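Inspection log for the structure reproduced underneath, given as structure tokens.
Nothing here was measured: the structure is a model prediction, and the numbers come from that model.
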There are 2 protein chains.
Amino acid sequence: MSQAQQKHDVFQAIADPTRREVLRLLSQKEMPISKITVYFPISRTAIAKHLHVLSDAKLISGRKEGREKIYQLHPEPLEEVQQWISFYEKFWSNKLSILKHIVENDDKNH
Amino acid sequence: MSQAQQKHDVFQAIADPTRREVLRLLSQKEMPISKITVYFPISRTAIAKHLHVLSDAKLISGRKEGREKIYQLHPEPLEEVQQWISFYEKFWSNKLSILKHIVENDDKNH
DNA sequence: TTGACATGAAACCAAAAGGTGTTATAATAT
DNA sequence: ATATTATAACACCTTTTGGTTTCATGTCAA
């Protein structure tokens with residue numbers, strides 16, 4: 001599905017509900033693919049492909065430990081999405097976004 | 001590509017770079033499809049399909065005006081993405097997310 | 001060392017995505 | 001009335017996606 005790097009970006013990675021659920025699982029506890037698979041009605045191989053996509057987007061990484069490969073969350077790339085979204089926040093103005101604007105302007109003026 | 005409603009959700013809608021660019025354009029000014037098409041190297045028909053996806057996700061709407069159909073941005077569905085992301089904010093803690101937590105807790109306690 | 005377990009990799013498949021060009025329809029301008 | 005413009009709708013093509021099953025490899029335990 002993906003041998004070359006950077007074939008999938010973070011926006012594509014989070015587009016699939018299964019992959020979002022995988023991220024949620026890994027946010028609670030790192031685990032090997034067999035453990036992850038238990039939570040889904042699809043095959044281990046299918047999960048493996050989703051893990052490849054998430055790995056491409058640098059959202060997870062796996063370290064081999066004995067015969068298992070433990071996957072763990074790397075949420076940093078989500079910051080790109082958050083920043084993208086933040087541009088649109090001003091359109092649904094609320095207390096939070098106003099505060100955010102104040103803080104950001106404060107940052108720039110010091 | 002999509003005659004039934006709700007076939008595409010907001011996560012899928014923003015997964016494509018072209019569609020994100022369309023949103024950016026419409027955030028500056030509402031415009032008909034022909035105007036949008038000028039900004040891209042692909043056909044009007046291709047843009048029309050992207051507009052369908054965005055429309056399915058309720059991110060845009062179009063009103064007919066004479067022989068034109070003017071498309072305009074509806075950013076509200078992006079809030080779902082923002083809320084999803086906010087769960088992961090605590091992992092890359094910074095000034096903003098700390099502030100946000102304070103504000104949210106404040107909301108709940110009053 | 002043999003068997004069981006965990007994972008990876010390959011081949012395959014159906015459906016969806018993203019694009020094309022052509023045709024049809026409705027509104028405007030002359 | 002007719003030509004032009006703006007868009008929608010249709011048919012078609014190619015690549016990607018999301019899934020399957022099968023097979024191979026490496027590790028642990030008895």
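- Counting heavy atoms of neighbouring residues, nucleotides and ligands inside a 6.0 Å radius, atom OH of Y39(A) does not exceed 12 of them.
- Across dT22(C), dA6(C), dA6(D), the shortest atom-to-atom separation from the side chain of R67(A) is found for dA6(C).
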Residue pair R63(A), E65(A): steps toward the salt bridge (charged side-chain N to carboxylate O under 4.0 Å, His left out) verdict: CA-CA 6 Å; R63(A) 67 170 187 285; E65(A) 201 159 283; 3.0 Å; yes
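- Closest-nucleotide positions on DNA chain D for S34(B) and A46(A) were compared, and the one nearer the 5' end corresponds to S34(B).
- In this structure, Y71(A) does not reach the dT7(C) phosphate: none of its side-chain N or O atoms is under 4.0 Å from OP1 or OP2.
- A distance-only check finds no donor-acceptor pair linking the side chain of R19(B) to the backbone of H50(B) [under 3.5 Å].
- The shortest distance between the side-chain N/O atoms of K49(B) and the OP1/OP2 oxygens of dA8(D) is not below 4.0 Å.
- Whole-Å rounding puts the I47(B) CD1 to dA8(D) C1' distance at 15 Å.
- Dashed line: the shortest gap from a side-chain N or O of S43(A) to OP1 or OP2 of dT20(D) is under 4.0 Å.
- Checked for salt-bridge contact, K49(B) and D56(B) miss the test: no charged N lies under 4.0 Å from a carboxylate O.
- Map R44(A) and Q12(A) each onto its nearest nucleotide of DNA chain D; the residue landing nearer the 5' end is Q12(A).
- The NE2 atom of H52(A) sits 14 Å away from the P atom of dT17(D) (whole-angstrom rounding).
- Rounding to whole angstrom units, CZ of residue F11(B) and P of dA17(C) are separated by 17 Å.
- A straight line from CD of E65(A) to P of dG8(C) spans 14 Å, rounded to a whole angstrom.
- The nucleotide whose nearest atom lies closest to any side-chain atom of T45(A) is, among dT27(D), dG18(D), dA9(C), dA9(C).
- L25(A) and I70(A) fall into different hydrophobic clusters, defined by Ile, Leu, Val, Met, Phe, Trp and Tyr side-chain heavy atoms under 4.5 Å apart, directly or through other members.
- Counting any heavy atom pair closer than 4.0 Å across all strands shown, F40(B) reaches no nucleic acid atom.
- Straight-line distance from the CD1 atom of I33(A) to the P atom of dT27(D): 17 Å, rounded to whole Å.
- In this structure, CG of D16(B) is placed 6 Å from P of dG19(C), rounded to the nearest angstrom.
- In this structure, K69(A) places its NZ atom 12 Å from C1' of dA9(C), rounding to the nearest Å.
- Contact annotation: H8(A) side-chain N/O to dT16(D) OP1/OP2 distance is not under 4.0 Å.
- Between the CD1 atom of I42(A) and the C1' atom of dT21(D) there is a distance of 15 Å, rounded to whole Å.
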